[in-house]
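In what follows, a structure is listed as structure tokens, so that the remarks can point back to it.
All figures in this text were calculated on a predicted structure; none of them were measured in a lab. Within every chain, numbering begins at 1; the chains are lettered A, B, ... in the order of the sequence lines, protein sequences first and strands thereafter.
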2 protein chains.
Amino acid sequence: MAATSTRRSYDQYCAVARALDVVGDRWTLLIVRDLMLGPKRYKELLEGLPGIGTNLLAARLRELEAAGVVERGVLPPPAASAVYQLTEIGAALQPVLIALGRWGGRHFLRERRPEDVMVPAAYFVAMRSSFKPEHAEGVRERYEFDIGDRVFEVSVDGDTFSTGEGRTQTPDALFTMDVETLNALLLEGLTASEALAAGRVAVSGDAEALERFTRMFVIRPPAGLTG
Amino acid sequence: MAATSTRRSYDQYCAVARALDVVGDRWTLLIVRDLMLGPKRYKELLEGLPGIGTNLLAARLRELEAAGVVERGVLPPPAASAVYQLTEIGAALQPVLIALGRWGGRHFLRERRPEDVMVPAAYFVAMRSSFKPEHAEGVRERYEFDIGDRVFEVSVDGDTFSTGEGRTQTPDALFTMDVETLNALLLEGLTASEALAAGRVAVSGDAEALERFTRMFVIRPPAGLTG
DNA sequence: CGGAATCCTCTTCGATACTG
DNA sequence: CAGTATCGAAGAGGATTCCG
């Protein structure tokens, strides 16, 4: 029973303080960020959060589970491994992550520091706040992204869409690229045609799809482009 | 030089992680919450954050200032005292606080625990997410709230409004009540007429104003009321 | 092998005391 | 009033070990 449950609280009857009691601890919102893309095993979470330390991850998951933000689940066969996933309450944190991301992205993501690691999952969460439905009219397709050793899925159906981690059954296009290229496409104004011409992206399936994807999901558009 | 500047970072090139590098430390977002209502002196901040400890408040203000979220200012004469206030970047955190507050309020503010303190300022921040412009058409007036020993102002002009701490020049109505009553009006369905009949609110000025105020700003409306 | 509990060191927190 | 100095307690981070 060394696993003490001395949850520290601000002890204020205030909605913001209560929220911070639950998700205000170090690492907690980054765990939630990674879980937004679907159920994850302990090991996957550990990999996506360099520096967290195994005891701390276990403690945070325990706290989030106790608060009803996260629950343990079992993947459908044949995987059948234990995973952590967001509850409905946990999924309701998406507006918090989007607001934080907008603010942090606008004011503090200017330069890339040498010690920064690039986490592929972060981009697929960021896409949830950069989707432009006006560029998705009539689009109905699924993309698979192979980024290093991780696989992500983006699905668009008119004005609705989803992003997640995991393999797609039958994608309309499969993109293979490194995280640097994904970053350049979404944040640094690299265009789809430039990326393809430079061989930075390999496409399997519809070759036009990458251009549609960037139009719908780019975060910082290329300079000099209007509309 | 004990005041080390070893800001801990997640070292991720991710907008959410960067935001948390700046405002993810303990107490930081609660300091920002209090500053949303206007410039504050060190002492005022300390009072609004029971339990923070003076060294920690000083450290947080130093970090926020270094990050460009907070700046030192001087109140206009005759007060002329040194204050802390949000910069434009700091004020841009309002959507984060609103998202956190909505989430915390909906899922974790059910019961009031005996150890909870009630912070008047929190309600005037919460009003920024509960304002209903459809109930403010044609309304153009200022209210002053005297809650215990603190004074707040709410100003409405059609579909725009503001809330802040400090005395109002010429309010159209002045309400004196305790924080319990404010809580009951906004969260527990106490109606303006009930509060007035029970003598829980003293009004100076337009007696109808309290009813208009609750219509525009109530957070959890009284049960059984539609529209 | 994935999923943690344990141990150890270092930093941070929180409270009080103290100073310009 | 506005902080700095100090110190015990708690939390973070890393390595290792244990358990199924």
Calculate the interatomic distance between [X] atom [atom1] and [N] atom [atom2]; express it in whole Å.
X       : N      : atom1 : atom2 : answer
B/Leu57 : C/dT12 : CG    : C1'   : 16 Å
A/Glu47 : C/dG3  : CD    : P     : 10 Å
B/Ile52 : C/dC13 : CD1   : C1'   : 10 Å
B/Tyr42 : C/dT19 : OH    : C1'   : 13 Å
B/Leu49 : C/dG14 : CG    : P     : 11 Å
B/Leu46 : C/dA15 : CG    : C1'   : 12 Å
B/Ile31 : C/dC13 : CD1   : P     : 11 Å
B/Leu61 : D/dA2  : CG    : C1'   : 11 Å

Look at the side chain of B/Thr54 against the base of D/dT4 and say whether a donor-acceptor pair falls under 3.5 Å; ignore hydrogens and angles.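 Looking at the base of D/dT4, it does pair with a donor or acceptor on the side chain of B/Thr54 (distance under 3.5 Å).
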Check this for me: does the side-chain of B/Asn55 come within 3.5 Å of the base of D/dT6 through a donor and an acceptor?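 Between D/dT6 and B/Asn55, which were checked side chain against base, a qualifying N/O pair under 3.5 Å is present.
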Below the 4.0 Å mark, does [N] have OP1 or OP2 next to a side-chain nitrogen or oxygen of [X]?
X       : N      : answer
B/Arg62 : D/dT4  : yes
A/Trp27 : D/dG11 : no
B/Arg26 : C/dG14 : yes
A/Arg8  : C/dT12 : no
B/Lys43 : D/dC1  : yes
B/Tyr10 : D/dA12 : no

Counting only side-chain heavy atoms from C-beta out, which of D/dG3, D/dA12, C/dA5 sits nearest to A/Leu56?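 Selected nucleotide: D/dA12.
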Counting side-chain heavy atoms from C-beta on, which of D/dG3, C/dT12, D/dA12 comes nearest to B/Arg60?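 Selected nucleotide (nearest to the side chain): C/dT12.
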From A/Leu93, A/Leu35, A/Thr28, residue fulfilling side chain to side chain contact (heavy atoms under 4.5 Å, CB included) relative to A/Val69: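 Among A/Leu93, A/Leu35, A/Thr28, the one meeting side chain to side chain contact (heavy atoms under 4.5 Å, CB included) with A/Val69 is A/Leu93.
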SB check B/Arg62 B/Glu65 (cutoff 4.0 Å):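 Between B/Glu65 and B/Arg62 there is no salt bridge, as every charged N stays at least 4.0 Å from the carboxylate O atoms.
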Rounded to the nearest 0.5 Å, how far does OH of A/Tyr10 lie from CZ of A/Arg18?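 Going from CZ on A/Arg18 over to OH on A/Tyr10, the span is 13.0 Å.
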Assuming nearest nucleotide by heavy-atom distance, tell me which of A/Pro50 and B/Glu44 is located more 5' along DNA chain D.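 Its nearest nucleotide being more 5', the pick is B/Glu44.
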Regarding B/Asn183 and B/Tyr123, is there a side-chain donor-to-acceptor distance under 3.5 Å anywhere?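 There is such a pair (donor and acceptor under 3.5 Å, judged by atom type) between the side chains of B/Asn183 and B/Tyr123.
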Is the A/Phe145 to A/Phe213 ring centre distance short of 6.0 Å?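 Yes, they do, as the ring centres are separated by less than 6.0 Å.
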